[in-house]
Amino acid sequence: LPENDPASQRITDELYGGGSEERIAQELLLGIGGIRALRALGVNPHVYHLNEGHTVFSTLERTREAMQEGGLSFYEARQATGAGTLFTTHTPVPAGFDLFPEPLIDTYLGDYLEQLDLETEEFMRMGRVNPESRDEDFNVAVLALRQAPRRNAVSRLHRRATARMMQPGWIGFPLGEMPVESVTNGVHTKSWVAPEMQQLYDHYLGPRWQEDASCREAWQRVERIPDLELWHVHTRLRERLVAYAREQAAWRARSQAGAGGLGVPADLPLRPDTLTIGFARRFATYKRATLLFRDVCRLKNLLLDEARPVQLIVAGKAHPRDGAGKDFIREIHDIVNREGLCNHVVFLEDYDLNKAAMLVQGVDVWLNTPRRPNEACGTSGMKVVPNGGLNLSVLDGWWAEAYRPGVGWAIGEGQEFIHADYQDEVDAESLYSTLEREVVPLFYQRDADGIPRGWTAMMKDSIRVLAPAFSGDRMVKQYAECFYLPIADRCWRLTADGFAKAKEFSAWKRRVRKAWSDVRVTWVKGGPVPDMTVGEELEVQAKVHLGTLDPSDVVVQAYFGSLRPDGTLRSGRSVPLVWMGCENEEHLYQGTVPGRASGLHGYAVRVLPCRDDVLVPNELSLIAWEEAERS
Ligand SMILES: *Cc1c(COP(=O)(O)O)cnc(C)c1O
C-alpha cells in the first residue's frame with residue numbers, strides 16, 4: 001500500500017525472501033497482523049490451526065487478547081489459547097526451521113513482549129530446545145511445540161522423524177510416547193481429476209465420489225469401468241499432455257531461435273503412444289531430480305528402445321537461492337543435449353498449478369525420488385491417482401504407508417543409509433531394474449484389442465485403494481474428529497466462567513513443576529522378569545515419594561515391554577498402578593503387568609503429572625523413572 005513506508009512495503013515482497021530480519025518481519029505480520037485482520041473481519045474462531053512454525057506469533061496475539069479480556073497473567077492466558085491451538089509441522093529436518101538470534105527478537109518484539117509481561121530472556125527460553133543454553137537462537141518451531149499441546153506431522157513416517165526431533169525437549173520419554181500425532185495429507189480430488197475421468201466416474205461410480213471423495217464404497221465401483229473405456233480415456237489424456245509439451249518445446253525453440261539459438265528442430269519431441277513418465281517438483285536437493293540420470297547408458301537403453309520406448313517429461317522450479325537445485329536443472333539439460341535425447345526428454349519451464357494439472361492427468365507413471373526420510377508427505381503423487389497414473393516412488397512420506405504390491409511400485413525397500421551417495425546408488429539400481437523388469441514390460445503387454453490388461457488392472461487397484469485414502473475429504477474428517485472437535489471442547493472448558501480452569505490449571509502446573517524434583521520411585525519389588533509366558537500376569541508393587549504433591553496430582557505406571565540384550569526396555573506399553581496407602585511419606589502402589597509374548601521382558605515404574613479434566617498426555621514434559629536397585 002502506498003501509505004506504508006518503503007521498509008514496510010518490502011516485508012511482503014518475496015516469499016521465502018531475504019534473511020532472518022525479513023523473515024521475522026514477515027512472521028510477525030502473518031501472526032500478529034493475521035489475528036488482527038481476522039478481528040477486523042469479525043472472525044473469532046475457537047480453534048486455530050497453525051500450519052508450520054512461521055505462524056506461531058499468532059498465539060502471542062491471542063494470549064495478549066485473553067490477558068486483557070480475563071485480567072490474566074501471560075501463563076494463565078496461555079493455557080486457554082494453547083488449548084485452542086493445533087500445530088502442524090511439515091518439516092522433516094531440523095535445518096528447515098527458522099532461527100532468530102536474541103538481538104533480532106529484542107529489536108522486533110521488545111515492546112510487544114512488554115505488553116505480555118515477559119522479559120526478553122524469559123521469552124527466549126520458550127524458543128530454545130534447552131531453555132538454559134543461552135547460545136541457542138530462538139526457534140519458532142520450538143515455540144510452536146510449547147504453545148500448542150496438540151501437534152501433528154503430515155504422514156506416519158514423518159511422525160517418527162518429528163518424534164526424534166522433539167525428543168530433546170521431552171527428556172526421559174520413550175520415542176513412541178512423544179506427544180505428536182499424524183494426519184497424512186490428502187488432495188482435493190475434484191480439483192485435480194481430468195474432466196474426462198470425472199465423466200467416467202460420474203457414470204460408473206455415481207454421485208457419491210463427488211460428495212465425499214473418502215467414500216471407499218464409491219471407489220469400489222471402479223471395477224465396473226470396462227478396461228477398454230478406461231484405457232481410451234487415459235490415452236486421450238496422455239495425447240493431450242504430449243501435444244501440450246510439444247507446443248511448449250516448439251515455443252521455446254522459436255524464442256531461442258529468435259535469440260540466435262539453434263533453430264526449430266525438424267522432428268517433434270515425444271510420441272503420443274509412448275510410456276510417459278512425469279517428474280515435477282521443486283528442485284530441492286533431497287528430491288534427487290537427477291537420480292534417473294545417474295547411469296546415462298542405462299537410461300538411454302530405456303528411452304531409445306525401438307519396440308518399447310520410454311519418454312520423460314520433467315518440470316520444476318528451483319528456489320531462487322538454491323544453487324544446488326539450479327545445478328540439477330542444468331545437469332539434466334546438459335545430459336539431454338549431449339546424448340541427443342531431446343525427443344525423449346522434455347523440460348517444462350515455470351512449473352505452476354496449470355502445468356501440474358496437465359502433467360498429473362496425462363502421465364502413465366509419476367516418479368518421485370526423495371532421499372528418505374526427507375519427504376514429509378509429498379502430494380503430487382496423490383494427484384496422479386484419480387487420473388489413473390501409477391506411482392513409482394521411494395518409500396518415503398505418504399508412499400511409505402500407501403504402497404502395497406499392485407497399486408504402484410516401490411523404489412528401494414525403505415532403507416536409510418548414513419552415506420547419501422551409497423543410498424543414491426542403491427535407490428538408482430532399484431529404480432532402473434524396476435523400470436526394466438516391471439514397468440516397461442507391463443505397459444507394452446497388450447492383448448488382441450491393444451489393451452494392456454495388466455496395466456489397467458493396476459490402474460484400477462491404485463484408484464480403488466488410494467483415491468479415497470489420500471483424498472482431502474479423508475484428511476479434513478480426520479482433523480475434525482481427532483483435533484478440531486476435542487480442541488474446541490477443551491478450549492471451551494478452560495475459558496468458561498471467566499477462565500476459571502485456565503487459572504487453576506496454570507497454578508497447578510507451576511506447583512507441579514516446583515515440586516517435581518522431589519518426586520522419586522524409592523522401591524520396586526522384584527527383579528526384571530525373564531521369560532514370562534503369554535497370558536501370565538505379574539504383580540508389581542512400588543513405593544513413591546511425592547514430596548508436596550498428592551496422589552491426585554500424578555499417575556504411577558508400570559511401563560513394560562521386551563528387553564534389549566543390554567537390559568534396557570524397548571518401546572512398550574504402560575498400565576496404571578493403584579494407590580494402596582501412605583506410610584512414612586511413602587505412597588504404596590500396586591498393579592499387574594500382563595504377559596504378552598515369550599522372550600525377555602521387563603518393566604519399569606514411573607511417575608507422570610496427571611490431571612484428568614484438562615491435561616493432554618505428556619503436556620508437562622516431566623517424568624520420574626525408578627532408579628533404585630530392586631529388592
Ligand atoms: C502439488 C504441487 C506441488 C507439491 O508437490 P509435492 O509432491 O508435495 O512436492 C508443488 N507445486 C505445484 C504446482 C503442485 O501442483
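Counting starts at 1 for both ligands and their atoms, in listed order. None of the values given here were measured: they were computed from a predicted structure.
Counting the atoms of ligand 1 from 1 in the order shown, those under 4.0 Å from a heavy atom of Trp192 are 15 (O). Per-residue contacts place Lys287 under 4.0 angstrom from the following atoms of ligand 1 (heavy atoms of the residue considered): 6 (P), 9 (O).
Annotation: cation-pi geometry not satisfied between Arg240 and Tyr244 (NZ/CZ under 6.0 angstrom from ring centroid, within 45° of ring axis).
When heavy-atom distances to ligand 1 are checked against a 4.0 Å cut-off, Asn368 has no atom that comes that close, whether in backbone or side chain. Both the backbone and the side chain of Ser380 come within 4.0 Å of ligand 1, counting heavy atoms alone. Neither the backbone nor the side chain of Lys355 has a heavy atom within less than 4.0 Å of ligand 1. When non-hydrogen atoms are compared, ligand 1 lies under 4.0 Å from neither the backbone nor the side chain of Trp366.
Classification of Glu22 and Arg10 as a salt-bridged pair fails, no side-chain N sitting under 4.0 Å from a carboxylate O. Between Lys300 and Asp295 there is no salt bridge, since no side-chain N of the basic residue sits under 4.0 Å from a carboxylate O of the acidic one.
With Val385 as the partner, the side chain to side chain contact (heavy atoms under 4.5 Å, CB included) test is satisfied by one option alone out of Ser462, Pro468, Ser471: Ser462.
Between Tyr201 and Trp219, the ring center distance clears the sub-6.0 Å criterion. The distance between the ring centers of Phe87 and His49 does not fall below 6.0 angstrom.
In terms of protein heavy atoms, atom 10 (C) of ligand 1 is closest to Tyr351 CE2, 4.0 Å. The protein heavy-atom contact nearest to atom 1 (C) of ligand 1 is Lys383 NZ, 1.3 Å. Of the protein's non-hydrogen atoms, the one nearest atom 4 (C) of ligand 1 is Thr379 OG1, 3.7 Å.
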